[in-house]
Amino acid sequence: MLDIPLSALEVAMVQTGARAVDTLRDTAAFAQGLELLGYHRIWYAEHHHSPAIGAFPPVVLTTHAAASTSAIRLGSGGVLAPNHAPITLAEQFGTLAALHPDRIDLGIGRGPGTFDEAIARALRRGAAPATDAEYERDVAAILAFLVDEVALGPLPEPWLLASSTAGAALAAGLGLPIAVAHHIRPDNTQAVLERYRAAFTPSRWCEQPRVLVCVETVCAESEEEAARRVGPMDVVKAGLLKGLSEIPFPTPADAAAHHFTAEERKALAGFRAQQAVGTPETVVHRLTQLAGEAGADELMLTTPVYDLGDRIRSYELIKKYSEATTAL
């Protein structure tokens with residue numbers, strides 16, 4: 001029984017043959033579709049210099065989606081602290097929270113959002129990658145500026161994104177809810193959660209540990225169709241396994257014709273087994289299992305498939321099946 005809130009992570013994949021502006025246009029339709037389905041929140045990820053993912057600032061997508069919807073929570077998942085001045089993030093999301101009370105989240109992450117070292121340095125105006133201590137100071141400064149400098153009214157809900165025990169320790173020490181990147185580093189999930197819960201200190205932001213787990217999730221009417229829809233992202237992941245970051249997001253037909261090595265197939269199958277792919281019954285069962293293992297308070301689903309209609313349909317199938325089985 002999957003009876004916890006379900007949310008979505010939007011990574012704004014740019015389809016082969018489409019323009020980035022088309023992907024940008026689709027974000028409003030996606031937000032409106034998930035609001036109608038009753039999803040709890042949508043977060044927007046920060047990426048740079050990728051042919052497969054649009055370089056759309058999370059604050060801009062959040063603003064656009066908030067103007068296109070009326071109730072669903074929206075925010076960053078995450079905005080990457082090393083790339084921005086803490087006071088700027090506080091001002092941006094504090095303003096959004098004042099304009100859209102009780103609907104805005106500020107999910108904070110660490111990575112540069114790119115595999116290109118030159119782009120990463122450009123984002124930091126030539127500075128080297130942030131150290132652990134610099135990142136920790138930035139996160140603390142963002143929270144302080146939210147309270148002391150911005151304070152326009154209702155504050156955004158802050159979250160810390162983590163895929164390592166170091167991130168878990170920081171979230172616990174600051175008393176923040178944690179969003180665990182199971183969709184990126186699933187082998188770390190249990191260690192991250194154990195560290196977070198063991199070290200958690202209550203704060204003004206969160207009185208007790210609060211856990212969101214993000215899972216790569218693709219649902220279709222049949223197992224075969226789900227596998228077809230996963231194909232384009234498999235091609236991108238296979239490229240990353242080879243150290244290639246400039247991989248476009250292919251069509252399902254191109255993905256079906258792609259040759260994967262035996263090693264790639266094994267790695268992709270291992271990753272997929274830790275996520276949720278298949279029919280509604282398969283996916284909801286797997287999500288229920290993952291939520292139980294993690295003791296999650298909420299699940300966030302990321303669905304990197306080629307077609308907007310297929311993506312929304314995946315969320316629809318999951319929501320309807322979970323509601324139907326919960327009602328039994």
Side-chain angles (χ1 to χ4, degrees), residues 9-12 43-50 53 55-59 61-62 75-90 92-93 105-146 156-197 199-201 203 205-206 209-216 240 245 300 302:
L9 174 65
E10 174 61 285
V11 296
W43 283 354
Y44 300 96
E46 179 178 346
H47 293 276
H48 302 278
H49 197 61
S50 167
I53 303 175
F56 309 131
V59 67
L61 294 183
T62 299
S76 57
V79 70
L80 303 175
N83 296 341
H84 310 274
I87 193 169
T88 299
L89 291 179
Q92 290 173 343
F93 284 86
D105 302 327
L106 174 53
I108 306 169
R110 173 171 179 172
T114 180
F115 292 99
D116 189 313
E117 184 177 345
I119 296 297
R121 283 186 172 272
L123 289 163
R124 289 178 50 78
R125 299 174 69 180
T131 64
D132 290 348
E134 287 171 335
Y135 174 59
E136 291 169 9
R137 285 197 298 268
D138 280 350
V139 175
I142 292 166
L143 300 176
F145 281 130
L146 278 176
E157 185 173 275
W159 290 73
L160 197 76
L161 280 61
S163 61
S164 69
T165 54
L170 179 58
L174 293 171
L176 292 176
I178 192 171
V180 182
H182 183 85
H183 66 301
I184 297 175
R185 299 176 71 182
D187 292 339
N188 286 10
T189 297
Q190 287 303 322
V192 166
L193 291 173
E194 288 172 9
R195 182 70 175 274
Y196 174 67
R197 291 188 170 111
F200 185 83
T201 302
S203 72
W205 308 108
C206 202
R210 187 176 173 196
V211 171
L212 177 155
V213 175
C214 188
V215 184
E216 186 170 300
L240 294 175
S245 59
M300 179 165 278
T302 183

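In what follows, every heavy atom counts, from backbone to side chain, and hydrogens, waters and symmetry copies are set aside. Counting begins at 1 with the first residue of the sequence.
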Those residues that, when tested against Gln92, pass side chain to side chain donor-acceptor pair (under 3.5 Å) (two or more places apart): none
Side chain to side chain donor-acceptor pair (under 3.5 Å) against His182, all qualifying residues, sequence neighbours excluded: Thr189
Whether Thr62 side chain and Pro58 backbone form a donor-acceptor pair below 3.5 Å: yes
Check: Ser163 main-chain N/O paired with Asn188 side-chain donor or acceptor under 3.5 Å: yes
What is the distance from atom [atom1] of [X] to atom [atom2] of [Y], rounded to the nearest 0.5 Å?
X      : Y      : atom1 : atom2 : result
Ile142 : Ile108 : CD1   : CD1   : 4.0 Å
Thr302 : Ile184 : OG1   : CD1   : 9.0 Å
Glu46  : Asn83  : CD    : CG    : 5.0 Å
Tyr44  : Ser76  : OH    : OG    : 11.5 Å
Leu89  : Leu146 : CG    : CG    : 9.0 Å
Glu157 : Trp205 : CD    : CH2   : 10.0 Å

Measure across [X] and [Y] and return the closest heavy-atom pair with its distance rounded to 0.1 Å.
X      : Y      : result
His183 : Val215 : CB-C, 4.1 Å
Trp43  : Ala179 : CZ3-CB, 3.7 Å
Gly111 : Leu80  : O-CD1, 2.8 Å
Ala168 : Ile178 : CA-CD1, 3.8 Å
Pro158 : Pro156 : CD-O, 3.2 Å
Leu160 : Gly167 : CD2-O, 3.4 Å

All side chain to side chain contact (heavy atoms under 4.5 Å, CB included) counterparts of Ala45, not counting sequence neighbours: Leu9, Val11, His47
Report yes if some heavy atom in the side chain of [X] is under 4.5 Å from a heavy atom in the side chain of [Y]; otherwise report no.
X      : Y      : value
Pro177 : Leu212 : no
Val79  : His84  : yes
Val59  : Phe93  : yes
Leu161 : Val180 : no

Under the salt bridge (Lys or Arg N to Asp or Glu O under 4.0 Å) test, residues paired with Arg195 that sit two or more places apart: none
Check: Asp105/Trp159 side-chain N/O donor and acceptor closer than 3.5 Å: no
Residue pair Val192, Arg185: steps toward the side chain to side chain contact (heavy atoms under 4.5 Å, CB included) verdict: CA-CA 10 Å; Val192 166; Arg185 299 176 71 182; over 6 Å; no
Any residue meeting ring pair (Phe, Tyr, Trp, His ring centres under 6.0 Å) with Tyr196, in chain and number order, not counting sequence neighbours: Phe200
Of all pairs that satisfy salt bridge (Lys or Arg N to Asp or Glu O under 4.0 Å), the ones with a partner from residues 127-137, not counting sequence neighbours: Arg110-Asp132
